[in-house]
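Note that this is a predicted model, so its numbers are computed, not measured. Throughout, protein chains are lettered first and strands after them, A, B, ... in sequence-line order, and every chain is numbered starting at 1.
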Amino acid sequence: MHKINQHHDKLLPSLVETYLTNNINSIDFNIFTTKNNQEELIKATLVAICQLYAVLQPQIMANQLNNAYFNYELPLLPVLAQIENNGIKIDSLALHQLSAEFKKQIADLSLDIYKLAETEFNIASPQQLAKVLYQQLKLGENIKHNNSTSAEILEEIDHPIAKNVLEFRKISKLKNTYTDVLPTLINPQTGRIHTTFSSTSTLTGRLASSNPNLQNIPSKTTEGKKIYNCFVARKDHLLLTADYSQIELRVLAHFANITSLIEAFKQNSDIHCLTASQIFQTPEQQVSEEQRNKAKAINFGIIYGISAFGLAKQLNISKQEASNYIASYFKTYQGIEQYIAKTMQEASENGFVKTISGRKCYISNINSADKILQNQAKRQAINAPIQGSAADIIKKATILMQEKLNFHKMASKIVLQIHDELVLEVAKEELEQIKVFLFETMQSTFNLRVPLLVNIELR
DNA sequence: CTCCTCACG
DNA sequence: ACGTACGTGAGGAGA
């Protein structure tokens, strides 16, 4: 028997139990737990699916989820199956070499750490590490660490052992999660790696990828890029990535209908630089790197449901200063504050917020008496329509792109979707045509108040 | 199994 | 005064 996602394994019996037990034609769902009669199982499965459809389809209508279901989720499903099936090729020899390289680095770092600690211990144990750092070496006495050994805390500790531990953690992570594991997951039939996508397991409608998760392949650090580069195209093909530029900020500009933001996107300006120029009252040409980074953090913060505390922590500034920046941002982009208030109220009244496809994102604690939970729910309520609508847009684009590949009988295949990005394995002779298709499809999927911009790169 | 930590958008 | 940036999945430790 194939290894089946545990999630899917028990889904049908559980749906039958929930929706069909009172049905006159109810089938015996015990059949799903008896494994000896394959034919009976298939028959029962088909009957269950038909009966479930009869019960659930009217609920889709009643909940006004027609558009989200029939125009997004349902057509996306076979496309995701196709992408899973396509799989992606990895260079397992190169990954093995990286594993060996990492193994040596980890051994060297361990020795350095033991020497500095004057004791041998399990560096991978947060408990043992905290004891060494905070009790034996008495480090971090001037910071409130709560015995945490997270990277965020370690970065503040000015001692060589902290740097070594950070490096040890980074390399261990890459080795244990990626270079050691990925080669073992190559399907012997296809010679490729096949992930499993779920379109129904996130709050916002984003996809989730598992077994293995191919949406978090390292790419940021120097060592991470080495792993990223082990994902390759087969002979006479190239890997091509097409990603939406700042799609969430564009969705925000569209929803909140902020004229100056919309204009900025229409003119393809550097949005973080522009924001910095407004907040810090500086001509755009004179905006410093630091100011731009701050503005970037604020722009991201807005999408996350900003708080002075969160921004202060992110930028390592005082809460008061963060608070001033936020006020300044709201003054610059008139209408954002009102949009946020409106969205929170909608969440509070309905218990959910909606994305551009009409998908409902339920915000369970929005009316909680617990202020901490309620504030968290408020941030979710702000973030969900933005993140979820961006997910809708790329879902639609994925469906349309696969249709185009099918219609033109292209040899190129979609091999990954990573939230705002499609990765294709492109037949060399199709490269120019595929680029045109990608620009056309992805950029014209939606007519928002702002243009959608796509960047395409070979990798 | 839960917690901590960290990889990605 | 209180604890908080949004959304995921995976590996190791420790109970």
The side chain of [X] is closest to which nucleotide in this list: [options]?
| X | options | answer |
| --- | --- | --- |
| A/Gln127 | C/dG14, C/dG9, B/dC8 | C/dG14 |
| A/Arg379 | C/dG9, C/dA5, C/dA13 | C/dA5 |
| A/Asn216 | C/dA5, B/dA7, C/dC6 | B/dA7 |
| A/Thr202 | C/dG7, C/dA10, C/dT4 | C/dG7 |
| A/Pro218 | B/dA7, C/dA5, C/dA15 | B/dA7 |
| A/Tyr178 | C/dT8, B/dC8, B/dA7 | B/dA7 |
| A/Ser125 | C/dA13, C/dG11, C/dG7 | C/dA13 |
| A/Arg206 | C/dA5, C/dA10, C/dG7 | C/dG7 |
| A/Thr204 | B/dT5, C/dG7, C/dA5 | C/dG7 |
| A/Gln387 | B/dG9, B/dT5, B/dA7 | B/dG9 |

Take atom [atom1] in [X]; do more than 12 heavy atoms of anything else shown fall under 6.0 Å from it?
| X | atom1 | value |
| --- | --- | --- |
| A/Lys360 | NZ | yes |
| A/Gln59 | CD | yes |
| A/Glu290 | CD | no |

Please list, in numerical order, the residues of [range] that have a heavy atom closer than 4.0 Å to any atom of DNA chain C.
| range | result |
| --- | --- |
| residues 147-175 of chain A | A/Lys173 |
| residues 81-100 of chain A | none |
| residues 103-112 of chain A | none |
| residues 346-365 of chain A | none |

(message) Is the terminal nitrogen or CZ of A/Arg459 (NZ for Lys, CZ for Arg) located under 6.0 angstrom from the six-membered ring centre of A/Tyr228 and within 45° of that ring's axis?
(response)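 Judged by the rule (NZ or CZ under 6.0 Å from the ring centre, within 45° of its axis), A/Arg459 counts as positioned above A/Tyr228.
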
NA contact type, [X], heavy-atom cut-off 4.0 Å: base, sugar-phosphate, or nothing?
| X | result |
| --- | --- |
| A/Leu311 | base |
| A/Ala377 | nothing |
| A/Leu203 | sugar-phosphate |
| A/Asn122 | sugar-phosphate |
| A/Ile217 | sugar-phosphate |
| A/Lys313 | sugar-phosphate |
| A/Gln128 | sugar-phosphate |
| A/Gly305 | nothing |

(request) Indicate whether OP1 or OP2 belonging to C/dG7 is found under 4.0 Å from a side-chain N or O atom of A/Gln380. (result)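 For C/dG7, OP1 or OP2 has a side-chain N or O of A/Gln380 closer than 4.0 Å.
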
(message) Looking at B/dA7, I'd like to know if its phosphate oxygens (OP1 or OP2) sit under 4.0 Å from a side-chain N or O belonging to A/Asn176.
(response)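 Answer no for this pair, as no side-chain N or O of A/Asn176 is under 4.0 Å from OP1 or OP2.
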
(request) Give none if C/dC2 has no partner; otherwise give the nucleotide forming a Watson-Crick or G-U wobble pair with it, both distances under 3.5 Å. (result)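 Paired with C/dC2, as far as the under-3.5 Å criterion goes, is no nucleotide at all.
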
(message) Using Watson-Crick or G-U wobble geometry with both distances under 3.5 Å, which nucleotide pairs with C/dA13?
(response)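 The answer is B/dT2, by the H-bond criterion.
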
Length of the line joining [X]:[atom1] and [N]:[atom2], which is rounded to integer Å:
| X | N | atom1 | atom2 | answer |
| --- | --- | --- | --- | --- |
| A/Ile227 | C/dG11 | CD1 | C1' | 14 Å |
| A/Leu416 | B/dC8 | CG | C1' | 12 Å |
| A/Gln417 | C/dG9 | CD | P | 13 Å |
| A/Phe300 | C/dT4 | CZ | C1' | 19 Å |
| A/Leu129 | B/dC6 | CG | P | 10 Å |
| A/Leu252 | C/dC6 | CG | C1' | 13 Å |
| A/Lys378 | C/dG3 | NZ | C1' | 15 Å |
| A/Ile298 | C/dC6 | CD1 | C1' | 17 Å |

(request) Only pairs at least two apart or in different chains count here, so list each ring-ring contact (aromatic ring centres under 6.0 Å, His included) that has a residue in residues 67-99 of chain A. (result)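 Sorted pair list comes back empty.
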
(request) Indicate whether the side chain of A/Thr332 and that of A/Gln278 have a donor and an acceptor atom separated by less than 3.5 Å. (result)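 No, A/Gln278 and A/Thr332 have no side-chain donor paired with an acceptor closer than 3.5 Å.
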
(message) Any donor-acceptor pair under 3.5 Å linking the side-chain atoms of A/His194 with those of A/Gln189?
(response)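 Their side chains do not contain a donor-acceptor pair, so the 3.5 Å distance test is not met.
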
Kindly list each side-chain donor-acceptor pair under 3.5 angstrom involving residues 109-124 of chain A, sequence neighbours excluded, with atom names and distances?
residue	atom	partner	partner atom	Å
A/Ser110	OG	A/Ile106	O	2.7
A/Tyr114	OH	A/Phe121	O	3.3
A/Asn122	OD1	A/Ala124	N	2.9

Taking the [atom1] atom of each, how far is [N] from [M], in whole Å?
| N | M | atom1 | value |
| --- | --- | --- | --- |
| C/dG3 | B/dC6 | P | 23 Å |
| C/dT4 | B/dA7 | C1' | 23 Å |
| B/dT5 | C/dC2 | P | 23 Å |

Side chains of [X] and [Y]: closer than 4.5 Å at any heavy-atom pair?
| X | Y | result |
| --- | --- | --- |
| A/Gln105 | A/Lys175 | no |
| A/Leu252 | A/Tyr339 | yes |
| A/Phe280 | A/Val287 | no |

[X] bridged to [Y] by N-O distance under 4.0 Å:
| X | Y | value |
| --- | --- | --- |
| A/Glu73 | A/Arg359 | yes |
| A/Glu425 | A/Lys89 | no |
| A/Glu223 | A/Lys226 | no |

(message) For A/His145 and A/Tyr134, take the angle between the two ring planes, folded into 0 to 90°, and tell me which bin it lands in: parallel under 30, tilted 30 to 60, perpendicular over 60.
(response)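 Parallel.
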
(request) Please lay out, stage by stage, how A/Tyr329 and A/Tyr325 fare under the test ring-ring contact (aromatic ring centres under 6.0 Å, His included). (result) CA-CA 6 Å; A/Tyr329 183 96; A/Tyr325 288 164; over 10 Å; no

(message) Distance check, rounded to the nearest 0.5 Å: A/Gln314 atom CD versus A/Lys296 atom NZ?
(response)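 Answer rounded to 0.5 Å: 10.5 Å.
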
